[in-house]
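Here is the structure we will look at, set down as structure tokens.
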Protein chains: 2
Amino acid sequence: MSSSTADIDILRKNGLHVTDSRRVILNLFLKYDGALAHADIEKYSSSLYDRVTVYRTLQTFLEKGIVHLVPTVDNATLYALCKHNCIEGHHYDNHVHFICSHCNKTSCLDDIDVPEVKLPRGFRPLHAAMIISGICKMCKSSN
Amino acid sequence: MSSSTADIDILRKNGLHVTDSRRVILNLFLKYDGALAHADIEKYSSSLYDRVTVYRTLQTFLEKGIVHLVPTVDNATLYALCKHNCIEGHHYDNHVHFICSHCNKTSCLDDIDVPEVKLPRGFRPLHAAMIISGICKMCKSSN
DNA sequence: TACTAATTTGCAATAATGTTGCAAAAAAAA
DNA sequence: TTTTTTTTGCAACATTATTGCAAATTAGTA
Ligand SMILES: [Mn+2]
Ligand SMILES: [Mn+2]
Ligand SMILES: [Zn+2]
Ligand SMILES: [Zn+2]
């Protein structure tokens with residue numbers, strides 16, 4: 001059985017050294033289709049790595065444009081894979097984020113752009129984020 | 001000179017005991033037109049009250065519907081006065097929030113509703129939040 | 001006003017989350 | 001294999017927030 005090297009490719013493409021922790025954490029994102037918190041990563045990676053290593057790995061992924069921060073309403077720090085053409089120093093994350101109040105999963109709706117809004121006179125917008133909560137596809141269909 | 005009792009009225013109307021800290025903190029919100037963080041309150045109230053008292057006061061105001069939490073992109077906890085008909089246990093805060101990247105002030109755009117968005121099949125929306133960053137009215141006009 | 005009951009406050013302890021410096025370990029290059 | 005560079009783990013520290021409890025304050029009643 002040949003194991004995939006998609007993770008290695010992504011690390012190499014971004015000029016990062018290939019290390020155990022980076023591979024494991026990146027694979028969590030590749031396998032789980034949704035946003036992950038630091039605590040999730042500690043849990044799913046069986047506490048193999050030091051907290052600080054996890055923080056630093058996420059920070060590195062952020063800087064390289066491998067993941068982006070997900071806006072939240074409850075002050076949690078969430079990370080999700082960038083699926084567009086984010087590069088070092090600049091993210092292109094203007095999609096809507098959805099959080100399910102049933103399963104608590106936060107998803108990137110990568111194909112739904114944040115809509116334009118007409119602001120009061122004098123306000124100049126530069127960036128917009130949108131968070132929609134409700135019941136997700138999976139939870140709705142499993143009823 | 002007769003000092004206003006708007007703050008006392010609000011506290012009474014919400015069935016809260018009238019105390020020094022509650023009056024001072026509520027007046028900060030009434031005078032400052034924007035969102036405040038816990039640290040702002042400690043600063044502007046001249047550190048008169050214990051941190052814990054400030055936390056508990058904000059929590060009480062939240063529960064009564066006197067203030068609402070403001071969504072942020074940088075995981076800061078911000079509070080702003082409810083200007084609509086929020087009541088104990090239920091907020092009606094579906095307006096857009098604007099954060100100025102110049103003066104850093106966060107404003108409630110109370111008259112701008114969060115727009116509807118067409119979601120992928122299967123997602124059922126219950127609530128939506130929107131945060132727009134850019135240059136605010138004051139900063140733009142003072143150039 | 002004085003008294004009483006209920007609520008609120010301040011303090012100390014504790015928790016959760018995140019950051020920094022530095023030596024040891026690991027990865028990449030030579 | 002050896003050397004150089006990067007990454008990791010650990011300890012210490014910082015910030016933000018929560019809890020229990022006794023003292024102080026508020027509101028209602030006599
Ligand atoms: Mn996203
Ligand atoms: Mn608001
Ligand atoms: Zn769900
Ligand atoms: Zn401004």
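By convention in this document, chain letters (A, B, ...) are assigned in the order of the sequence lines, proteins followed by strands, and residues within each chain are numbered from 1. Heavy atoms only: backbone and side chains are in, while hydrogens, waters and symmetry mates are out.
Comment: A/D40 does not engage A/K105 in a salt bridge, judged by the lack of any side-chain N to carboxylate O separation of less than 4.0 angstrom.
Each of A/L16 and A/Y55 was matched to the nucleotide of DNA chain C holding its nearest heavy atom; the match closer to the 5' end belongs to A/Y55. Taking the nucleotide of DNA chain C with the nearest heavy atom to each of B/G15 and B/N75, the more 5' of the two is matched to B/G15. Nearer the 5' end of DNA chain D, as judged by each residue's closest nucleotide, is the contact made by A/T53, out of B/R12 and A/T53. Between A/T60 and B/H17, the one whose closest nucleotide on DNA chain D sits nearer the 5' end is A/T60.
C/dT9 atom C1' lies 16 Å from atom CD of B/Q59, rounded to whole Å. The CG-P distance, from A/L58 to C/dT19, rounds to 10 Å in whole Å.
Side-chain atoms of B/R51 and base atoms of C/dG10 include no donor and acceptor less than 3.5 Å apart.
For A/S21, a side-chain nitrogen or oxygen approaches OP1 or OP2 of D/dT8 to under 4.0 Å. Within the structure, a side-chain polar atom (N or O) of A/T19 is placed less than 4.0 Å from OP1 or OP2 of D/dT8.
In this structure, B/Y55 and B/H38 have parallel ring planes: the angle between them is below the 30° cut-off, well short of the 60° mark. The aromatic rings of B/F123 and A/F98 sit perpendicular to each other, their planes meeting at more than 60°, with 30° as the lower class boundary.
Among the heavy atoms of the strands lying under 4.0 Å from B/R56 is at least one base atom, whether or not backbone atoms are also near.
In this structure a side-chain-to-backbone donor-acceptor pair under 3.5 Å is missing from B/R23 to B/D7.
In this structure, C/dA16 and D/dT15 make a Watson-Crick or G-U wobble pair, each of the two defining distances being under 3.5 angstrom.
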